Amino acid sequence: MRGTLSDRMGAALLMAPLLLFLVLAYAWPFLGVVKWSFTLPTPGLEQYHALLTDDLVQSVFIRTLRIAAIVTIVSVTAAYAITVVWVRGSPVQRVLAEFCILVPFWISVLTRAFGWVALLSNRGLINTWLQSIGFISEPLTLVRNEFGVIVGMSHFLIPFAVFPLASAMRSLDERVLLAARGLGSSRMRTFWTVFVPMTRSGIIGSAMITFVFSLGFFVTPAILGGGRSVMIAELIYLRIFQSPDWGLGAAISVVLVVFVGALMALLFRYVKPKQLV
Amino acid sequence: MQQPGRAAEIKANGIGKSFGSFRALDNLSLDIGRGEFLTLLGPSGSGKTTFLMILAGFVQPSEGKLFSDGVDITNRPAEQRAAGMVFQGYALFPHMSVEQNIAFPLKVRKKSATEIKQRVGEMVERVGLKGHEKKLPAQLSGGQQQRVALARALVFEPGVLLLDEPFSALDKSLRGQMQAEMKRLHQETGTTFVFVTHDQSEALALSSRVAIFNHGKLLQVGRPDEVYDRPANRFVAEFLGEINMLPVKGVKSADGGATGLCEDRAVNMRCKAEAIKGDAILAIRPEDMSIAAEASVNQNGIAATAVASTYLGAATKLDLTTRQGAKVTVSVPNEVAASALSKGNSVWLTWPAEKGFLLPDGGQ
């Protein structure tokens, strides 16, 4: 889109408050964090050196990547199914799917995490029910471990994973699907060999958004992990607020931001921003 | 590659389709012969595409039955009908190469890898896409995409090939080229072709028969020359090309045809007038009328004044007004038009008796 100079000036003016806010609330403080990572407690690269050698930090990084990867697969798969119903279902199915996608946005992340605790804990609904029908004798450990974290995070992220998929499915040419059927392809085969490959950009976008969000999760893993499944964000919190070790906390933050930035750059090489909404 | 005997014979019996209160197709019965090239022609919303979609199995008719080679296929799903289909805009698989697109229907039918390779190779050659096998549809021109769509629809040797306005996106010269190519493919494969278009010249040029639709009704089916020279009604007459309509009075049957009064002169018609009595419309194509200095008594002719001309290159289109105020258009050699215009006063319009045909007065 090319506009006249005054058009572009107008657009810049409209965006100015947002840009100003981002600079003041994010970019400027982040520069401070970068500074801490190189200066606390003494100037130098010692915190980055610690990052590479500290077993705890490394195990948290690996756990975070693992959880993020599993959550991404679970969320995108579930979101794909919901989106198919939302975009291509009957009118009643569409309304139901839309309801299921939008309602979670109205409930705070904290409430949802405690909701999962109520469902998954040893004396929660699921364990009580399984025991009452005699399926299990001892309660299953469903929470305060990685399983609980994955369930809670996937539940939170599925609605976010839906939008890039919906965008890809809506822009798909219906006639191509008719063509596949007309050429003798069953519905199942058409879905796997035509529909899914044609929504590839949506799958990539959806997976990237979910993965990037997962990396920075704090509340859900803190509550559902019960301290046993610490992820990066919680580690940063502990380093800053509990064991005053600001330099290490800052260095982890910087690595996380750089990593996420690199992922976003990679994402936008394959997917246009407008395909994500 | 394909035996003409494998082409399908299709019978539509009282097919109707309603979308809510909209009647898209009404009581349509039509036999499509083995190996025929049938064109469904009509303006948009006339029901021609709905009928094609019913043939393909994508749309279920509200009433009526559909038979293929005598077997009732009304409720057979699209994927089991084995009709080849070429869509408007081609509907190629964007993530598959030319080769993979053409191989798709064979893979679905679980053909062996060697057979697929051989038949795709043959088809690529036949539609002139050699050297483009590995390209994606987005890397091809409109004409090439069209060829891939045709190859993909024909590679599994379907009993019938359905084409939905396949040339609407092509420019004029490419369109002519693709039309010739499609005619050749029809002859080579011997398959039954059913082709939807709103372009009457395309319909006349390509088909063995033309079926003309309007407002969900099938108005007439016949060879191109039949529907052009002997349209069943005014809509068909006007839709197939420019036509002059002159009122005639006192129509009655006469030896081998009919007679009547047009602009107070006796005119003869070779067509039958059983259904038409009294007042009617005499329809004559512009290319069937000529300009004369005078008309003899037993010749069909009316007096008119030339008012405007349009130079078309090979000929000139001349607009005239008759004495009683009817507007007539004729297509005449360029020099005839020039002299008719320069005279300014009246000339005679004449036509052979067999070229005029009668339509009910004011009827559709």
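Keep in mind the model is a prediction, meaning the values are calculated, not measured. Below, chain A is the first sequence line, B the second, and so on; all start at residue 1.
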Between [X] and [Y], is any pair of side-chain heavy atoms under 4.5 Å apart?
X: A:V194; Y: B:H95; result: yes
X: B:F87; Y: A:D173; result: no
X: B:P94; Y: A:M198; result: yes

| Between B:M53, B:R109, B:R81, B:Q80, which shows the greatest number of heavy-atom pairs under 4.5 Å with chain A? |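 Result: the option with the highest number of such pairs is B:R109.
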| said: I need the A:T193 OG1 to B:F93 CZ distance, nearest 0.5 Å. | reply: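 Rounded to the nearest 0.5 Å, the OG1-CZ separation comes out at 7.0 Å.
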| said: Within this structure, what is the CG-CG distance for the pair B:D164 and A:L178, rounded to the nearest 0.5 Å? | reply: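 Reported value, rounded in 0.5 Å steps: 10.5 Å.
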[X] portion near chain A, given a 4.5 angstrom heavy-atom threshold:
X: B:A83; answer: backbone
X: B:L162; answer: neither
X: B:R152; answer: both

Greater than 12 external heavy atoms within 6.0 Å of [X]'s [atom1]:
X: B:K11; atom1: NZ; result: no
X: A:F105; atom1: CZ; result: yes
X: A:R170; atom1: CZ; result: yes
X: A:F218; atom1: CZ; result: yes
X: B:R184; atom1: CZ; result: yes

| query | chain B heavy atoms under 4.5 Å from A:R189: which part of the residue, side chain, backbone, both or neither? | reply |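 The side chain, not the backbone.
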| Side chain, backbone, both or neither: which part of A:T190 has a heavy atom under 4.5 Å from chain B? |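 No part of A:T190 comes within 4.5 Å of chain B.
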Heavy-atom pair of closest approach, residues [X] and [Y]:
X: A:A179; Y: B:A91; answer: CB-O, 3.8 Å
X: A:R175; Y: B:Q88; answer: NH1-O, 2.7 Å
X: B:L92; Y: A:V176; answer: O-CG2, 3.7 Å

| said: Apply side-chain contact (heavy atoms from CB on, under 4.5 Å) to residues B:F58 and A:R181 and explain how you reach the verdict. | reply: CA-CA 9 Å; B:F58 296 138; A:R181 280 185 58 211; 4.3 Å; yes
